[in-house]
Amino acid sequence: MPVLTQLKSILLRYRFIIMSLIVSMGGFLLILLKERMPFSDIARDFGLAFLTAGTIGLTVEFYTRRQFEALVVDRIGDALEASSITSRLDGINELLLLGNELRSLGLMKIHLTRPDDLSRFIQAADPETEIRLLGVCMMSLTGDPTQKLLQRKLEEGCIIRLLTLDSESEFVRQRAIEEGRDDDDIRTDIMASDKFYTNFIRHRIPEKLRPNIEVGHYYEAPMYFLVSTNRAMIVGFYLRGGRGELFPHLELEAKGGGIYVPFIKHFDSLWAARKEIQGISGSDQLRTRTLPKENFS
């Protein structure tokens, strides 16, 4: 099949040369065989006409083909340069370069709002790795399926660190103003989440697993919502004009040298200055082991 296609392409490309050759050969044969024909003078005249026409055709095709192709290429090039196609192609190329750069930095996807199913990111965490959770109150992780998932991850040897805003922080009022809510609404959410996680750790998790889940408060202004594992990270931003779940969230690959790293360092800095929640952190929550630090090189 490729041979036939190639032959067809050759015939189309050189069809005028082939036609000129056939006409020239026909004219030559008429002149050569004119004596055997009843009207020799007419055959000779037709033969001379065909031979002349074929020869002229061959000459014109042979000497003008390259100039014609060059002219067509130049005209097409000028048309492309003057059209919007070139600028659009340049734009596409710039987007491809930008996409490759963002991908190399670990950006996998941008969500317009907080993903509905955060559990799939926690589910992807490898056994015996660290899971970091950061938010104002983290009520989005209080459902029964998420509870079961967190318990399963603890059984797999994972360590879970969870940070929520201190209800006594001066930044509760700031966040309330930014969200257009009352201070007490946010404080109520924070205290409700504290009660939930206290009951979750005390009454649902087996005692041998409790040292591997830690909950604390941070006092600083809330900036990011974060769900992080050794595989990926979801980062949201606390902006003015609404709750954090309404704003864009970044889905990042966990990789050294990428965007993931400064967010991890931000979390660890808050964790180092955390306020422990009495009854579920501190001396009764001594960790039984230490996981290896991530390689941020």
Chemist: Excluding sequence neighbours, so at least two apart, what forms salt bridge (Lys or Arg N to Asp or Glu O under 4.0 Å) with Asp185?
Modeler: none
Chemist: State, to 0.1 Å, how close Phe171 and Pro222 come at their nearest heavy-atom pair, and which atoms those are.
Modeler: CB-CD, 4.0 Å
Chemist: Go through the structure and list residues passing salt bridge (Lys or Arg N to Asp or Glu O under 4.0 Å) with Arg152, not counting sequence neighbours.
Modeler: none
Chemist: For the pair Tyr238 (side chain) and Val136 (backbone), establish whether a donor and an acceptor sit closer than 3.5 Å, ignoring hydrogens and angles.
Modeler: yes
Chemist: Is the backbone N or O of Arg202 less than 3.5 Å from a side-chain atom of Arg210, with the two atoms forming a donor-acceptor pair by type?
Modeler: yes
Chemist: Determine, for Arg187 against Asp182, whether the closest basic-nitrogen to carboxylate-oxygen distance falls under 4.0 angstrom.
Modeler: no
Chemist: For Ile201, run the side chain to side chain contact (heavy atoms under 4.5 Å, CB included) check against Ile213, Leu209, Leu150 and tell me which one passes.
Modeler: Ile213
Chemist: Applying side-chain hydrogen bond (donor to acceptor under 3.5 Å, both in side chains), can you list everything that pairs with Asp126, at least two apart in sequence or on another chain?
Modeler: Asn230, Arg231
Chemist: When rounded to the nearest 0.5 angstrom, what is the spacing between CG in Leu165 and OH in Tyr219?
Modeler: 9.5 Å
Chemist: How about His217 and Leu163: do any of their side-chain heavy atoms sit closer than 4.5 Å?
Modeler: no
Chemist: Is the backbone N or O of Ile190 less than 3.5 Å from a side-chain atom of Ser193, with the two atoms forming a donor-acceptor pair by type?
Modeler: yes
Chemist: Applying side-chain hydrogen bond (donor to acceptor under 3.5 Å, both in side chains), name anything that partners Ser119, two or more places apart in sequence or on another chain.
Modeler: Asp117
Chemist: If you measure from the Lys or Arg side-chain nitrogens to the Asp or Glu carboxylate oxygens, is any gap between Arg132 and Asp268 under 4.0 Å?
Modeler: yes
Chemist: Is there a side-chain contact between Leu118 and Ser140, using heavy atoms and a 4.5 Å cut-off?
Modeler: yes
Chemist: Hey, what's the ring geometry for Phe200 with Phe196, parallel, tilted or perpendicular (30° and 60° as the breaks)?
Modeler: parallel
Chemist: Keeping Thr188 on the side-chain end and Asp184 on the backbone end, is there a donor-acceptor pair under 3.5 Å?
Modeler: yes
Chemist: Just by modelled atom types, is the Gln123 backbone N or O under 3.5 Å from a matching donor or acceptor in the Lys153 side chain?
Modeler: yes
Chemist: Can a donor-acceptor pair be found, under 3.5 Å and without considering hydrogens, that links the side chain of Lys275 to the backbone of Gly216?
Modeler: no
Chemist: Given 3.5 Å as the limit, does a donor-acceptor pair link the side chain of Tyr218 with the main chain of Leu134, or not?
Modeler: no
Chemist: I'd like to know if the side chain of Ser269 and the backbone of Lys265 have a donor-acceptor N/O pair within less than 3.5 Å.
Modeler: no
Chemist: If the condition is side chain to side chain contact (heavy atoms under 4.5 Å, CB included), which residues does Ile110 pass it with, not counting sequence neighbours?
Modeler: Leu107, Leu250
Chemist: With sequence neighbours left out, what residues match Phe237 under ring-ring contact (aromatic ring centres under 6.0 Å, His included)?
Modeler: Tyr224
Chemist: Applying side-chain hydrogen bond (donor to acceptor under 3.5 Å, both in side chains), name anything that partners Arg204, two or more places apart in sequence or on another chain.
Modeler: Asp144, Gln147
Chemist: In chain order, what residues pass the salt bridge (Lys or Arg N to Asp or Glu O under 4.0 Å) check against Arg114, with sequence neighbours excluded?
Modeler: Glu245
Chemist: May I ask you to check whether Gln174 and Glu178 show a side-chain donor-acceptor distance below 3.5 Å?
Modeler: yes
Chemist: How would you list, by chain and number, every residue that makes a side chain to side chain contact (heavy atoms under 4.5 Å, CB included) with Glu251, sequence neighbours excluded?
Modeler: Met108, Lys109, His111, Arg120, Phe121, Ile234
Chemist: Quick one: side chain to side chain contact (heavy atoms under 4.5 Å, CB included) partners of Phe247, sequence neighbours excluded?
Modeler: Leu239
Chemist: Excluding sequence neighbours, so at least two apart, what forms salt bridge (Lys or Arg N to Asp or Glu O under 4.0 Å) with Glu253?
Modeler: none
Chemist: Between Glu276 and Arg274 (salt bridge meaning N to carboxylate O under 4.0 Å), is one present in this structure?
Modeler: yes
Chemist: Please assess Leu270 against Glu220 for the test side chain to side chain contact (heavy atoms under 4.5 Å, CB included), listing each intermediate value before the final yes or no.
Modeler: CA-CA 8 Å; Leu270 291 177; Glu220 292 79 356; 3.6 Å; yes
Chemist: Can you list everything that forms a side chain to side chain contact (heavy atoms under 4.5 Å, CB included) with Leu246? Sequence neighbours excluded, please.
Modeler: none
